[in-house]
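Structure first, commentary second.
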Amino acid sequence: MTDSPLLLGIPSKGRLQENCAAFFGRAGMRFVQERGARDYRGAVAGMDDVEVLFLSASEIAGQLASGAIHMGVTGEDLVRETIPRADERVLMIEPLGFGQANVVVAVPQAWIDVRGMMDVEDVAASFRQRHGRRLRVATKYVNLTRGFFSGHGVADYLIVESLGATEGAPASGAADLIVDITTTGATLAANALKVLEDGIILRSEANLVGSLSAPWGARARAGAAAVLARIAAQARAAATREVRCALAEADEPLLADLAGRFGAGAPFGPPAAGQPLTLHAPAATIYALADWLAARGAHTISVSTLDFVFEPENALMQKLEAGLGPTPAADGARAG
Ligand SMILES: Nc1ncnc2c1ncn2[C@@H]1O[C@H](COP(=O)(O)OP(=O)(O)OP(=O)(O)O)[C@@H](O)[C@H]1O
Ligand SMILES: O=P(O)(O)OC[C@H]1O[C@H](OP(=O)(O)OP(=O)(O)O)[C@H](O)[C@@H]1O
Ligand SMILES: [Mg+2]
């Protein structure tokens, strides 16, 4: 009986690739491609239960939906567009803080009276009368567009499916307005387009996503637990500073006061006589915390960053386990 390792989809090109590699790097995961950069399968050094597949961001969304991979990094825009009723088929485990982009409705700047979706509804209604045809929307986000337009009562329009350079469609006459993704707005501006005031369909960013239809055997779960433990430990470390100081009366009431004022904990307890006090404090509080400690006679208040803080409980793995339900009795049967 075979039990599949965790199949983890990582963007191999495009906007998300570099940030994604850097993210896993910070979490202590180094990808090994034995046959060089063109090898589309890989491993993670020191993680036997994980196999990495290098795919495009849109393929990752598709393979999470079909259950061909267990976990992957992709944009929420692709998840919502590619997977009907996405919340039944995948679990958004954690937003990753990169790959931010908005899916928006944009119209020619020359349409000065058109500011919001209500105006688009008016334009759509009068378009056939005035031009003898329906309003045309160029996009590759066909499903997101349909949902958003129907939510705003716009029905009389035609989608022109676009495979690239969507922003050029109004100028070339291929469509009248567009739905596309934007980050800086530079491409929209260069094409004399403007975003409607209520035209943000989705605020997207890269997410760590789990598949609810993949065959989650014991080995895949062990692989996920290993990956999520490092990610959680890195995230905890990034939000925390370790503060050490010499302080004569670091007793329980003082520690309670520190927790209440600054959210600072003493994970190793009150120090023994003559030993330094070690605190873990939210990064944003350390200057105020240092002042407060100094006012109480502390000296050599030393602040350091941390690489990892591992704790026995892992909220990310708990979230995944809750979404997956209990391990099926005969894991091996479907695993490859
Ligand atoms: N400014 C941006 N423009 C487009 N996508 C962005 C931007 N910023 C972040 N992204 C994210 O990157 C994802 C992948 O986009 P990208 O164009 O890099 O993919 P790709 O590798 O070209 O894939 P495909 O060949 O399937 O289009 C987007 O769906 C989105 O989630
Ligand atoms: O708001 P901006 O910062 O200008 O970015 C938006 C542009 O970037 C993306 O294209 P990309 O460069 O990924 O090329 P593609 O269309 O070939 O995927 C997107 O489709 C927009 O055209
Ligand atoms: Mg692209």
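As the structure lists them, so they are numbered: ligands from 1, and atoms in each ligand from 1. As a basis for the values below, the full set of heavy atoms in this structure was taken, side chains included, without hydrogen atoms, waters or symmetry mates.
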- With a 4.0 Å heavy-atom cut-off (strictly under), which part of Leu188 contacts ligand 2: side chain, backbone, both or neither?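 The answer is neither.
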
- Task: Go through the structure and list residues passing side-chain contact (heavy atoms from CB on, under 4.5 Å) with Ala224, not counting sequence neighbours.
- Result: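 If we apply the side-chain contact (heavy atoms from CB on, under 4.5 Å) test to Ala224, skipping adjacent residues, the hits are Leu6, Met71, Trp216, Met317, Leu320.
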
Purely on distance, is any nitrogen or oxygen of [X] under 3.5 Å from one on ligand 1?
X: Glu76; value: no
X: Ser58; value: yes
X: Thr182; value: no

- Is Arg244 atom CZ crowded by more than 12 heavy atoms from other residues, nucleotides or ligands, each under 6.0 Å away?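 At most 12 heavy atoms, drawn from other residues, nucleotides or ligands, come within 6.0 Å of this atom.
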
- At the 4.0 Å heavy-atom cut-off, does Gly185 count as touching ligand 2?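 Flag set, Gly185 near ligand 2.
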
- Salt-bridge contact Asp87-Arg80 (side-chain N to carboxylate O under 4.0 Å):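 Yes.
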
- Message: I'd like to know if the side chain of Arg219 and the backbone of Asp48 have a donor-acceptor N/O pair within less than 3.5 Å.
- Response: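 Yes, because the side chain of Arg219 sits within donor-acceptor range (under 3.5 Å) of the backbone of Asp48.
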
- Query: Can any side-chain N or O of Glu81 pair as donor or acceptor with the backbone N or O of Asn143 at less than 3.5 Å?
  - Reply: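 Yes, because the side chain of Glu81 sits within donor-acceptor range (under 3.5 Å) of the backbone of Asn143.
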
- Do you know which of Val105, Ile178, Val107 makes side chain to side chain contact (heavy atoms under 4.5 Å, CB included) with Leu193?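 The single option meeting the side chain to side chain contact (heavy atoms under 4.5 Å, CB included) with Leu193 is Ile178.
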
Please list, in number order, the atoms of ligand 1 under 4.0 Å from a heavy atom of [X].
X: Gly75; answer: 31 (O)
X: Gly14; answer: 18 (O), 21 (O)
X: Ala101; answer: 7 (C), 8 (N), 9 (C)
X: Leu78; answer: 29 (O)

- Item | Sequence neighbours excluded - salt bridge (Lys or Arg N to Asp or Glu O under 4.0 Å) pairs with any residue from residues 252-276 |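 Qualifying pairs, neighbours excluded: Asp257-Arg261.
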
